[in-house]
Each structure stands twice: as C-alpha cells, then as structure tokens.
Amino acid sequence: MKPQVLKGFRDYAPEEMVVRQGMLDKVRAVFESFGYMPLHTPALEYAELLLGKYGDEGEKLLYKFEDQGGRMVALRYDLTVPLARFVGMNPNLRFPFRRYHIAPVWRAERPQKGRFREFYQCDVDLVGIDSPQADAECILVDCAVLSALGLSDFRVQVNHRAFLDGLLESLSIPKEKVVPVLRVLDKVDKITRDEMAVQLAAEGMDSHQVETLAGLSQVTGSNEERLARSLELAGGHPRAAAAVERLTRVLRVVEAAHPGAPVWFCPSVARGLDYYTGIVYETFLPPQFGVGSVMSGGRYDQLLGTFAGREIPAVGISLGIDRLVAALSSQGMASGGGVTSVLVCCMEGTEVKAAGVAAELRRNLAGKGVELYPEPARVKKQIEYADKAGIPVIVVLGEQELATSTAAVKSLRSGTQETVPLSGLAAHVAGLLHVR
RNA sequence: GUGAGUGUAGCUCAGUUGGCAGAGCGCGGGAUUGUGGUUCCCGUGGUCGGGGGUUCAAAUCCCCUCACUCACCCCA
C-alpha cells in the first residue's frame with residue numbers, strides 16, 4: 001500500500017520535534033517549579049474503566065476494541081481518568097498529591113484546524129485538597145507556563161459549576177433543559193446577545209428566563225462587579241452565592257501571587273466534561289493565533305471516589321501543547337533550528353582522524369552537538385549539507401590539515417575561515433559559538 | 001454524525017468555449033584546483049486521487065468512490 005498515516009494522526013518531523021521539545025522542556029520546568037512530579041500510565045485501559053466518565057458526546061469519541069485476549073480495551077481519552085484509576089489503586093498516597101503527565105490522548109473526532117485524533121496533553125492535578133488555594137494554584141501554573149512560552153496576551157476564564165446550578169435552579173429550569181441551555185450560554189463569545197435570546201427561546205425559555213440568561217452576556221466591569229451582578233441575576237440563590245464566595249477567595253489568592261494576572265470570571269463558561277463539580281477553567285489566546293482553547297480544566301471532587309471507594313477532592317488543568325506549538329509557530333514565535341553546532345568534514349584519507357577530532361570536540365564542547373560527515377566527500381557537498389541543516393560552524397580536515405596537525409575552521413554565518421592547530425581547536429570553536 | 005470545498009511534477013499552484021499537460025520552487029549536473037548562501041547554463045521530473053459514463057477527442061462535462069481541508073456539534 002502507499003505510505004500514509006491515519007486521518008487525524010500525523011508525524012512530527014525532526015525540525016518540528018525540536019520546537020516541540022523545546023517548549024515541553026519549559027512546560028516541564030514550570031510544573032516542577034510548583035512541586036509536581038511526573039507520572040506515566042498506559043495508553044490502553046480497560047474500556048469499562050473509561051466508560052461513563054465523559055458523557056454521551058465524549059463516549060462516542062472513545063477508541064475501543066477487543067484485544068487478542070478478548071478484553072474490551074480503550075485508548076485513553078484524557079489523562080484525568082487514568083490518574084483517578086492510579087489514585088484508586090494506590091491508597092497510601094500522601095496528600096496533597098501533585099503530579100504532572102505529558103502524553104498523547106486519543107479521540108475519534110472529525111479532524112479540523114488545530115484538532116487531531118491523537119494529541120498531547122500536559123496535565124497538572126492537585127489531589128486530596130479542596131481549597132481556594134488549590135483552585136488558584138492551577139491558574140497560577142497556567143499563567144506561569146504561558147509566560148514561560150513567551151505569551152502575555154492570553155485570558156483565563158473561570159466559572160463555577162455551582163454558580164450555574166444555582167442560577168438555573170433559581171430560574172426553575174427543568175433538568176432536561178440544563179444541558180441545552182448551558183450549551184447556548186457557552187457560545188457567549190461567538191454570538192450576539194440577540195442571537196442568544198433567540199436560541200434560548202427556542203429551548204423553551206420564557207421571557208423572564210431569556211432576559212436573565214442573556215443578561216449574563218452583558219455583565220461587565222471588574223471581577224468583583226461581575227461576580228456581584230451575576231449573583232443578582234441568580235436571585236441570590238444559596239448555591240450561587242457559595243460559588244461566588246469561593247471564586248472571590250480564589251481570585252484573591254491568584255492576585256496575591258500573580259498581581260494583574262489576566263483572569264476573568266465568566267459566568268457563561270460551562271465546559272463539556274461531565275465530571276467537573278466546582279471551579280472550571282478555560283484559557284484562550286487572541287484570535288490571530290488561530291487556535292481555540294489552549295488550556296482547560298476544573299475541580300472534580302466525585303471522580304476519584306468512583307475508584308478509591310471514598311471521596312477524594314481534586315483539581316487540575318490540561319494544556320494542549322499541539323495548539324500552543326501551532327499558535328507560536330503562526331506568529332513566528334517558535335524557536336527551532338538544528339541540534340548540531342559543528343560539522344566535522346572529512347576527505348579521502350582523513351576520515352579516521354576526523355572521527356577522533358569530532359569525539360574530542362564533543363568532550364570539550366559540553367552540550368554542543370558535533371556531527372561527523374559520515375563518509376569522505378567533496379568539500380562543496382559537505383558545506384552545502386551544513387548550510388541546509390543550519391549548522392553554524394564547520395571544521396574541515398583534509399590532507400593539508402592532517403599533515404600540519406591543524407584544522408580549517410569556518411563560520412558559515414560570517415563566511416570567515418581560519419586554520420588553527422588541533423591543540424587549540426575546541427577553544428577556537430567555542431569562541432565562535434559563543435560570539436554567534 | 002451534519003454541511004461545504006479541494007485533489008494536476010517531490011512542494012506551492014496555473015491550465016481559456018472540451019483540442020499535443022505548464023510555471024515557480026526543489027532535486028541532479030556544470031560555470032579552473034579542496035569551500036555553502038547570490039547569479040547564469042543544462043537536465044530530472046506527472047496513471048492529471050481512483051473507477052465508470054458522454055464525446056471523434058476529457059485534467060476540463062456527468063455519476064460513483066477514496067483522501068484531505070474547512071465549518072457545525074463537541075473540544076486541547
């Protein structure tokens with residue numbers, strides 16, 4: 001058959017992987033700076049374990065099949081449910097338990113811009129604690145990661161499931177209408193207030209309900225003002241009031257740790273996953289980046305109980321590294337390049353010595369990639385190769401150099417070339433690389 | 001799952017009312033000896049996604065199919 005990859009799947013070419021890994025290194029460093037430890041879990045889980053966690057919509061997107069042993073298995077859909085299983089299997093974990101997990105997940109969606117069937121998530125979760133500080137920490141990690149990646153113009157939207165519950169309850173909205181109504185509310189950034197009103201009416205909302213719900217999109221001002229106004233719309237419902245109080249405390253922690261953090265209370269953010277029970281997060285970049293949500297998450301205090309046999313609170317976020325890569329690349333903010341700093345060129349009769357020189361350079365240029373042209377070839381060919389690979393410095397070892405224990409060192413950036421004794425080669429090359 | 005669009009050289013794409021398949025880039029070779037990027041010359045290149053139909057004649061028109069892209073739903 002002709003070579004091809006599956007719909008929604010893709011290869012990451014070496015040049016892309018350099019960019020990705022550079023970004024992932026930063027993500028990992030931020031995660032660890034907050035005290036999160038890495039966790040790995042298998043790609044495949046028992047299908048039964050994943051079923052019933054993501055709602056009907058999510059369920060349809062689960063890759064599941066029978067393995068050779070007749071077991072029904074499924075590729076993980078996210079990293080949160082596997083975490084829940086892990087917590088359930090390890091009752092002796094000390095809380096607070098902080099773990100991060102960077103790995104691919106699979107969803108059988110129809111592929112689209114910035115949307116794949118296999119993609120990487122970068123999750124941090126804080127397990128065992130239910131507190132405003134814990135809720136705030138996720139926001140702080142998110143902000144720290146995006147800042148570390150060079151982004152400043154992002155916006156973290158937060159809401160609380162209980163606020164929505166209280167609001168809808170205060171409006172006596174029937175249970176079967178909750179999901180459709182939340183779906184409409186979630187479109188707040190995409191449609192106008194009037195369109196929203198029409199869609200709400202189409203869901204059977206009466207004029208008072210429409211007015212109140214559509215009014216959410218008109219809430220403005222500072223977070224305090226938005227919280228207060230939203231609570232009014234919810235008629236001061238006790239559950240909504242508790243949610244507003246909680247969010248107020250969360251925002252206070254965020255502000256203390258990261259003054260001016262771009263965090264906004266957004267009463268219409270709903271989030272699709274079934275298991276969220278408290279705060280929910282969503283982070284967006286400005287439209288010119290051309291990607292949707294780059295981070296989302298929330299508190300899920302019931303999920304772990306399904307595996308642990310006792311309630312364990314938890315909160316977490318998930319960053320979409322593929323979208324971040326795409327976003328940064330689209331703005332020319334992704335730094336890539338090759339991994340090689342020096343190419344050692346050899347010619348007929350000097351290839352053995354060249355291998356020794358390359359090894360010597362590797363020992364003396366800590367961390368710099370030193371590549372040996374793997375066969376004798378015309379100098380022109382070797383320089384062309386270095387040029388196209390973006391290698392900044394070449395060391396030419398020909399017969400003349402061999403005879404005099406020297407090497408010709410050329411900077412491909414400046415075009416300058418010098419002949420230096422082998423004894424001082426590493427120092428000379430190091431100088432060229434540092435000066436740039 | 002629903003709707004729309006696109007498939008022509010390795011890549012990006014032209015191709016007129018149906019009439020001999022093109023360009024740019026890339027790739028290979030060359031322009032004095034062991035030296036890249038710029039320039040110049042020469043060359044390599046295609047079952048026009050696949051199958052069927054209409055026609056003297058189809059990349060072009062019709063039907064089917066596959067793949068990809070985009071939007072909706074949902075979502076990282």
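Throughout, a chain's letter reflects where its sequence line sits, starting with A, and its residues are numbered from 1. Small disclaimer: the values here were computed from a predicted structure and weren't measured.
- A heavy-atom distance below 4.0 Å to RNA chain B is reached by none of the residues of residues 8-20 of chain A.
- Using a 4.5 Å cut-off on side-chain heavy atoms (C-beta onward), A:Gln209 and A:Ile173 make contact.
- For A:Leu324 and B:A76, the CG to P distance is 13 Å, given to the nearest whole Å.
- Distance noted for atom C1' between B:G15 and B:A9: 14 Å (whole Å).
- Side chain A:Gln400 to base B:G34: a donor-acceptor pair is found below 3.5 Å.
- The distance between atom CG of A:Leu319 and atom C1' of B:C75, rounded to the nearest whole Å, is 15 Å.
- For B:U2 and B:G19, the P atoms lie 37 Å apart once the distance is rounded to whole Å.
- In summary, the aromatic rings of A:Phe284 and A:Phe154 are positioned with their centroids too far apart to meet the 6.0 Å limit.
- Aromatic rings from A:Tyr100 and A:Tyr36 are positioned such that their centres are separated by 6.0 Å or more.
- Across B:U17 and B:C61, the matching P atoms stand 11 Å from one another, rounded to whole Å.
- One interatomic measurement links the two molecules: CG of A:Leu61 to P of B:G1, which rounds to 11 Å at whole-angstrom precision.
- Take the nearest nucleotide of RNA chain B for A:Gly415 and for A:Gln121: the residue whose nucleotide is more 5' is A:Gly415.
- The nearest heavy atom of RNA chain B to A:Tyr120 and to A:Thr416 marks one nucleotide each, and the one closer to the 5' end goes with A:Thr416.
- Counting only heavy atoms from C-beta on, A:Arg110 has its side chain closest to B:U2 among B:U2, B:A76, B:G34.
- At the phosphate of B:A76, OP1 or OP2 sits under 4.0 Å from a side-chain N or O atom of A:Ser296.
- Between A:Leu39 and A:Leu79 there is no side-chain heavy-atom pair separated by less than 4.5 Å.
- If you take CG of A:Leu185 and P of B:C73, they are 14 Å apart, rounded to a whole angstrom.
- Using a 4.0 Å cut-off between charged side-chain N and carboxylate O, A:Glu360 and A:Arg363 make a salt bridge.
- Look at A:Lys388 and you won't find any side-chain N or O under 4.0 angstrom from OP1 or OP2 of B:G36.
- Among the atoms of the strands shown, base atoms are found under 4.0 Å from some heavy atom of A:Val396.
- The neighbour count for A:Glu48 CD, taken as heavy atoms of other residues, nucleotides or ligands under 6.0 Å away, does not exceed 12.
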Can you list, pair by pair, the side-chain donor-acceptor contacts under 3.5 Å of residues 417-426 of chain A, counting residues two or more places apart and other chains?
none

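- Per the geometry, CG belonging to A:Leu397 stands 13 Å off C1' belonging to B:G34, to the nearest Å.
- Separating the NZ atom of A:Lys381 from the C1' atom of B:G28 is a distance of 11 Å, rounded to the nearest angstrom.
- Atom P of B:C62 sits at a distance of 25 Å from the matching atom of B:U47, rounded to the whole Å.
- For the atom pair SG of A:Cys346 and CD of A:Gln382, the computed distance is 5.5 Å after rounding to the nearest 0.5 Å.
- Dashed line: the shortest gap from a side-chain N or O of A:Lys380 to OP1 or OP2 of B:G37 is not under 4.0 Å.
- Nearest to the side-chain atoms of A:Asp387 among the listed nucleotides B:G37, B:U69, B:U2 stands B:G37.
- Rounded to the nearest Å, the gap between the C1' atom of B:A23 and that of B:G46 is 14 Å.
- Look at the P atom in both B:G29 and B:C64: the space between them is 49 Å, to the nearest Å.
- Atom CZ in A:Arg117 sits about 8 Å away from atom P in B:C68, given to the nearest Å.
- Of the candidates B:A76, B:U35, B:U69, B:U35 carries the atom nearest the A:Val379 side chain, counting heavy atoms from C-beta on.
- Among the nucleotides B:A76, B:G36, B:G34, the one closest to any side-chain atom of A:Leu412 is B:G36.
- Rounded to a whole angstrom, the distance from the P atom of B:G22 to that of B:G52 is 25 Å.
- A:Tyr77 and A:Tyr54 have tilted rings, their planes meeting at an angle from 30° to 60° on a 0 to 90° scale.
- Donor-acceptor pairing under 3.5 Å, judged by distance alone, is present between the side chain of A:Glu401 and the base of B:G34.
- Closest approach to the A:Arg107 side chain among B:G34, B:A76, B:G37 is made by B:A76 (side chain taken as heavy atoms from C-beta onward).
- Between the CD atom of A:Gln382 and the P atom of B:G37 there is a distance of 15 Å, given to the nearest Å.
- A:Val19 places a side-chain heavy atom less than 4.5 Å from the side chain of A:Met23.
- In this model, the phosphate group of B:C70 is not approached by any side-chain N or O of A:Gln112 to a distance below 4.0 Å at OP1 or OP2.
- The pair A:Arg246-A:Asp130 counts as a salt bridge, with a side-chain nitrogen and a carboxylate oxygen less than 4.0 angstrom apart.
- Rounded to whole Å, the separation between the P atoms of B:A21 and B:G50 comes to 16 Å.
- Ionic pairing of A:Arg85 and A:Glu45 is present here: one or more N-O contacts between side-chain nitrogen and carboxylate oxygen are shorter than 4.0 angstrom.
- Residue A:Lys187 has a polar side-chain atom (N or O) positioned under 4.0 Å from OP1 or OP2 of B:C73.
- A:Tyr385 comes within 4.0 angstrom of no nucleic acid atom, judged by non-hydrogen atoms across all strands.
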Any chance you could encode RNA chain B as dot-bracket? Rule is Watson-Crick or G-U wobble with both distances under 3.5 Å; [ ] for pairs crossing earlier ones, | for another strand.
(((((((..((((.....[..)))).(((((.......))))).....(((((..]....))))))))))))....

